[in-house]
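Order of listing sets the numbers, starting from 1, for every ligand and every atom in it. We use all heavy atoms of the structure for the numbers below, so side chains are in, but hydrogens, waters and symmetry mates are not.
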Amino acid sequence: METKLVKVDSENPERELLTEAAEILRKGGLVAFPTETVYGLGANGLDGDACKRIYEAKGRPSDNPLILTIGDISGLYPIVSRVTENAEKIIDAFWPGPITLVLPKADCVPSAVTGGLDTVAVRYPSNKIARELIKLAGIPVAAPSANSSGKPSPTRASHVAFDLDGKIDMIIDGGAADWGLESTILDVSEDKLVLLRPGAVTQEMIEKVVGPIDVDPAVYSKPSKDIVPKAPGMKYKHYSPSAKVILVSGPGDNVIRTINEKVREDEAKGLKVGIMATVQTENSYESGNVLVVGDRDKPETIGANLFKILRKFDFIGADVVYSEVFDEDGEGAAIMNRLNKAAGFNYIRC
Ligand code: TXA
Ligand code: MG
């Protein structure tokens, strides 16, 4: 299959291009499009066969359910059977935006979307291209991240093309995703709300609106037989480049010294070594391929670049990557959740 790549203006999306994309979606095809978090791979969310194509293109395990995206709030009611009071509060506070809500599903939602669960995850993105496209399609659009399963999520059209060229109908290039990490996922299907995946809308922000919430233990710990994530996708090794990623934590000077030692040892063995550094530390490393992920004083820069930098380590063929770690406060929770998964919770503590 030939994948058509189209550039669309993120401020004033060209209507005729989005109309063409919407038509592909309505006919059962696959279109990748930008959102404010990461790029999504869209299909008609009411068409089980179209959704199955998403699983094939991504190589995604079939028990990992899809998110349904909507283009305006009226799109929510046909696909859920109940909107809880707390869900209303979260919707008022944060939609459209980077938070996905898990709600009891309506009968029209195919099991190819939910992986057989009786809930459905719904997201109303704020990105203009995404909203216009979904509205023009006139259907809920199933949209997981547009990467090959297991690889870091795509934050640019070029990442999507690298993973999925030839496997999908169209890629809409709307520039770099603003936030760069996937949406927060909050289960609002029962009285007690549960954070399933941290993202741009932080636990603190949610608790200001609805009071204390639970956090799925799998958010901060390695999944095991006792810790089974409620978001099925969180159990897979995820977000990972081909290189082995090792996180190094401890006082700043120790981290730099330890990484320098490890890089020397690994290079002596003939390994290609990457170092994920920050603007604060980039000049402290003596060898290895140093890539700067962002500025510790501006955590949003780290979120925006994390997946791009993990992909770059693949591109340069790194065997091992040593990474610094970050504060888990606020948006840092999302950064460390993804980094822990990329590393399979592999730490050197120094
Ligand atoms: O920011 C995002 O959410 C991006 C953009 C493209 O919208 N999408 C995204 O989708 O990250 P995906 O498929 O990569 O991640 C969706 C996660 C998976 O871990 C999946 O298991 C979980 O949501 N999920 C989907 N439906 C669920 C449900 N009914 N209950 C619990 N978790 C669910
Ligand atoms: Mg994903």
Side-chain angles (χ1 to χ4, degrees), residues 31-43 45 51 54-55 57-71 79-81 95-106 109-127 129-131 133-134 140-155 159-160 163-164 172 174 177-190 193-201 216 218-219 223 228-240 303 307 334 337-338 341-342:
V31 177
F33 60 94
T35 82
E36 70 276 22
T37 57
V38 300
Y39 272 70
L41 178 59
C51 292
I54 289 183
Y55 288 89
K58 281 177 60 80
R60 182 179 176 105
S62 61
D63 68 344
N64 188 4
L66 307 174
I67 291 176
L68 289 186
T69 54
I70 54 177
I79 55 179
V80 299
S81 61
W95 270 9
I99 182 165
T100 297
L101 299 181
V102 174
L103 285 155
K105 83 175 197 76
V109 179
S111 63
V113 166
T114 62
L117 298 175
D118 52 14
T119 53
V120 60
V122 187
R123 171 152 134 74
Y124 176 13
S126 61
N127 178 286
I129 294 175
R131 281 166 68 176
L133 172 65
I134 301 162
V141 174
S145 49
N147 50 307
S148 288
S149 200
K151 286 288 156 197
S153 288
T155 57
H159 299 165
V160 180
D163 283 10
L164 300 178
I172 297 175
D178 292 334
W179 166 246
L181 300 176
E182 307 88 344
S183 61
T184 306
I185 302 182
L186 184 66
D187 187 340
V188 290
S189 63
E190 305 202 9
L193 308 199
V194 190
L195 180 71
L196 305 186
R197 181 172 75 182
V201 177
D216 191 43
V219 166
V228 178
K230 269 189 88 183
M234 300 287 278
K235 72 174 175 276
Y236 296 105
K237 184 164 186 229
H238 214 122
Y239 313 111
S240 51
F307 289 147
N337 169 268
R338 308 311 191 270
K341 287 192 187 303

Could you tell me which non-hydrogen atom of [X] sits nearest to which non-hydrogen atom of [Y], and how far apart they are?
X: G42; Y: I54; answer: C-CD1, 4.4 Å
X: E36; Y: S126; answer: OE2-N, 3.0 Å
X: V113; Y: Y55; answer: O-OH, 4.1 Å

Contact partition for [X] relative to ligand 1, non-hydrogen atoms under 4.0 Å:
X: L196; result: side chain
X: I185; result: side chain
X: K230; result: backbone

Number the atoms of ligand 1 from 1 as they appear, then name those within less than 4.0 Å of a heavy atom of [X], with their elements.
X: T119; answer: 28 (C), 29 (N), 30 (N)
X: G40; answer: 6 (C)
X: P65; answer: 20 (C), 21 (O), 24 (N), 25 (C), 26 (N), 27 (C), 33 (C)
X: Y39; answer: 6 (C)
X: I67; answer: 3 (O), 8 (N), 9 (C), 10 (O), 16 (C)
X: S183; answer: 1 (O), 2 (C), 3 (O)

Subject >> 4.0 Å heavy-atom contact, R60 with ligand 1 >> reply: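 Yes, that is the case, since the closest heavy atom of the residue is under 4.0 Å from the ligand.
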**OP:** Consider ligand 1: state whether an atom of it lies below 4.0 angstrom from any non-hydrogen atom of L117.
**Re:**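 Contact present.
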Original post:
Counting backbone and side-chain atoms alike, does S145 have an N/O/S atom under 2.8 Å from the Mg ion (ligand 2)?
Top reply: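 Under 2.8 Å: S145 contacts the Mg ion (ligand 2) through an N, O or S atom.
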**OP:** Please indicate whether any nitrogen or oxygen in E182 is less than 3.5 Å from any nitrogen or oxygen in ligand 1.
**Re:**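 For ligand 1, there is no N or O atom that lies under 3.5 Å from one belonging to E182.
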Subject >> Shortest reach to atom 12 (P) of ligand 1 by a heavy atom, considering only A200, S145, P232 >> reply: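 It is S145 whose heavy atom sits nearest to atom 12 (P) of ligand 1.
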**OP:** Under the side-chain contact (heavy atoms from CB on, under 4.5 Å) rule, what do N127 and W179 come out as? Steps first, then yes or no, please.
**Re:** CA-CA 11 Å; N127 178 286; W179 166 246; over 6 Å; no
Subject >> I79 vs I70 side-chain heavy atoms within contact, under 4.5 Å >> reply: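 SC-SC contact between I79 and I70 confirmed.
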Original post:
Are the side chains of C51 and L66 in touch, meaning some heavy atoms are under 4.5 Å apart?
Top reply: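 Answer yes - side chains close enough.
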Original post:
For T35, what residues pass the side chain to side chain donor-acceptor pair (under 3.5 Å) criterion, not counting sequence neighbours?
Top reply: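 Residues passing side chain to side chain donor-acceptor pair (under 3.5 Å) with T35: T37, R123.
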Original post:
With D178, which residues qualify under salt bridge (Lys or Arg N to Asp or Glu O under 4.0 Å), at least two apart?
Top reply: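 Partners of D178 by the salt bridge (Lys or Arg N to Asp or Glu O under 4.0 Å) criterion come out as none, since no residue qualifies.
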Subject >> Pair D187 + K230, salt bridge at N-O below 4.0 Å >> reply: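 So D187 pairs with K230 through a salt bridge.
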